[in-house]
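Structure first, commentary second.
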Amino acid sequence: MQRLFAKANAHDLKDLKAFGKKLVAGAARGDLPSIVAADWLERLVFDFFIEKKLNMSSACRKLRTQHALEPVDGLMMKGIKSFKNKNFSDVDFEQDYLYVPDWRTLESDDAFFLHDGILYALQVTFAEEHKIKNAGVDRLLKAASKALSKDLKYYFIFVVPKATRNGRDIIRGYKAQAYVTSKGGELKTYPKAEIAQLLFPFPIQM
């Protein structure tokens, strides 16, 4: 996907994005298998996050809250940075950059960024239920804490296409997700560092 976009000229890029939007819209409605459009959804979301002004507080719906903090509004990303190492050793954790792995996806999220010393982890998904792998979040948090602060806190954000699927408003019905172990067992408590779980309704028509 990245190579395809890198080789495209401006005209082809516009056509590629239009094609991707159609696939994502179809998958969001349930007309297509989500696996067909998963990579396209991620690409469109990443472009959106680095091109648009982000109003995380006003745009997101809180699924659960653990700390009395509010996510940022009016944020403009400086750009996007990719990394190769799964232990985050090549990540500099610079604020207001979107960090995306070179491989398919991280263990627990798809991308992340930092602002005002707070970590924002993004899970891009079509799924109405998407449990969170605690080990992956813990690994990311430990790496970021070494570079920034031992008391680092984070938001876990589900980025879900805004659509009606089989007559159901999937955004309205979305609920907080459980954390699970590597063996699939649900944790009884939430990580203390989690400020809140948020839902970002992604506009398919942009």
Side-chain angles (χ1 to χ4, degrees), residues 1-5 8 12-65 71 80 98 100-113 120-134 136-137 155-187 190 194 196-206:
M1 178 70 71
Q2 298 294 344
R3 291 178 182 176
L4 182 64
F5 275 79
D12 291 340
L13 188 60
K14 184 178 180 180
D15 289 343
L16 279 172
K17 286 189 175 183
F19 174 74
K21 288 177 184 179
K22 288 181 179 179
L23 280 182
V24 168
R29 292 191 303 266
D31 299 337
L32 296 170
S34 60
I35 190 65
V36 173
D39 286 344
W40 287 102
L41 176 60
E42 286 188 6
R43 175 68 198 211
L44 292 174
V45 168
F46 297 161
D47 284 351
F48 182 92
F49 267 70
I50 63 173
E51 293 172 0
K52 305 290 185 180
K53 182 180 289 186
L54 300 175
N55 295 314
M56 304 304 293
S57 182
S58 55
C60 290
R61 178 163 69 85
K62 291 180 180 178
L63 303 175
R64 68 173 299 275
T65 303
I80 189 168
L98 185 67
V100 178
D102 268 354
W103 62 97
R104 175 67 180 81
T105 183
L106 293 169
E107 183 177 1
S108 303
D109 55 303
D110 296 305
F112 62 88
F113 65 91
Y120 291 73
L122 307 179
Q123 176 63 66
V124 182
T125 183
F126 288 104
E128 296 177 65
E129 181 178 339
H130 199 301
K131 294 180 179 179
I132 306 166
K133 295 179 181 178
N134 186 63
V137 174
Y155 291 100
F156 200 95
I157 304 166
F158 294 94
V159 184
V160 181
K162 189 176 182 180
T164 299
R165 185 178 304 160
N166 301 322
R168 301 190 318 278
D169 184 340
I170 60 175
I171 296 298
R172 180 177 295 180
Y174 218 89
K175 297 179 180 180
Q177 303 296 306
Y179 282 77
V180 294
T181 66
S182 56
K183 294 183 178 180
E186 289 191 10
L187 300 184
Y190 289 93
E194 184 196 80
Q197 282 186 34
L198 306 175
L199 175 66
F200 186 95
F202 181 65
I204 300 173
Q205 301 299 329
M206 295 172 287

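We number each residue from 1, following the sequence as shown.
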Lys17/Asp47 under side-chain contact (heavy atoms from CB on, under 4.5 Å): CA gap, chis, key distance, verdict: CA-CA 10 Å; Lys17 286 189 175 183; Asp47 284 351; 3.2 Å; yes

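- Listed by chain and residue number, Phe113, Tyr155 satisfy the ring pair (Phe, Tyr, Trp, His ring centres under 6.0 Å) test with Tyr120 (two or more places apart in sequence, or in another chain).
- Applying the side chain to side chain donor-acceptor pair (under 3.5 Å) test to Lys62 and every residue at least two apart in sequence or in another chain returns Glu70.
- Phe48 approaches Pro203 most closely through the heavy-atom pair CE1-CG, 3.9 Å.
- Closest of all the heavy-atom pairs between Phe156 and Ser108 is CZ-O, 3.2 Å.
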Step-by-step side-chain contact (heavy atoms from CB on, under 4.5 Å) determination, Phe200 to Val45: CA-CA 11 Å; Phe200 186 95; Val45 168; over 6 Å; no

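- Between the Gln197 side chain and the Gln177 main chain, a donor and an acceptor come within less than 3.5 Å of each other.
- Every residue meeting the side chain to side chain donor-acceptor pair (under 3.5 Å) condition with Lys131, not counting sequence neighbours, appears here in chain and number order: Glu186.
- With a 4.5 Å cut-off on side-chain heavy atoms, Asp110 and Leu122 do not count as touching.
- Geometrically, Arg64 engages Tyr190 in a cation-pi contact defined by less than 6.0 Å to the ring centre and at most 45° from the axis.
- Under a 3.5 Å cut-off, the side chain of Arg61 and the backbone N or O of Pro201 do not form any donor-acceptor pair.
- Salt-bridge annotation for Asp39 and Arg43: absent, with no side-chain N of the basic residue lying under 4.0 Å from a carboxylate O of the acidic one.
- With sequence neighbours excluded, the residues forming a side chain to side chain contact (heavy atoms under 4.5 Å, CB included) with Asp102 are Ser82, Lys84, listed by chain and number.
- With Asp109 contributing its side chain and Ala121 its backbone, the two residues share no donor-acceptor pair below 3.5 Å.
- The side chain to side chain contact (heavy atoms under 4.5 Å, CB included) check on Asn134 picks up Tyr179, Leu187, Pro191, with sequence neighbours excluded.
- Leu23 is linked by a side chain to side chain contact (heavy atoms under 4.5 Å, CB included) to Phe19, Leu32, Val36, Ala37, Trp40, counting only residues two or more places apart in sequence or in another chain.
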Audit row: Thr164, Arg29, side-chain contact (heavy atoms from CB on, under 4.5 Å) steps and yes/no: CA-CA 6 Å; Thr164 299; Arg29 292 191 303 266; over 6 Å; no

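- One N or O on the side chain of Arg165 and one on the backbone of Phe126 form a donor-acceptor pair closer than 3.5 Å.
- Pro71 approaches Leu198 most closely through the heavy-atom pair CG-CD1, 4.0 Å.
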Residue pair Val100, Glu42: steps toward the side-chain contact (heavy atoms from CB on, under 4.5 Å) verdict: CA-CA 10 Å; Val100 178; Glu42 286 188 6; over 6 Å; no

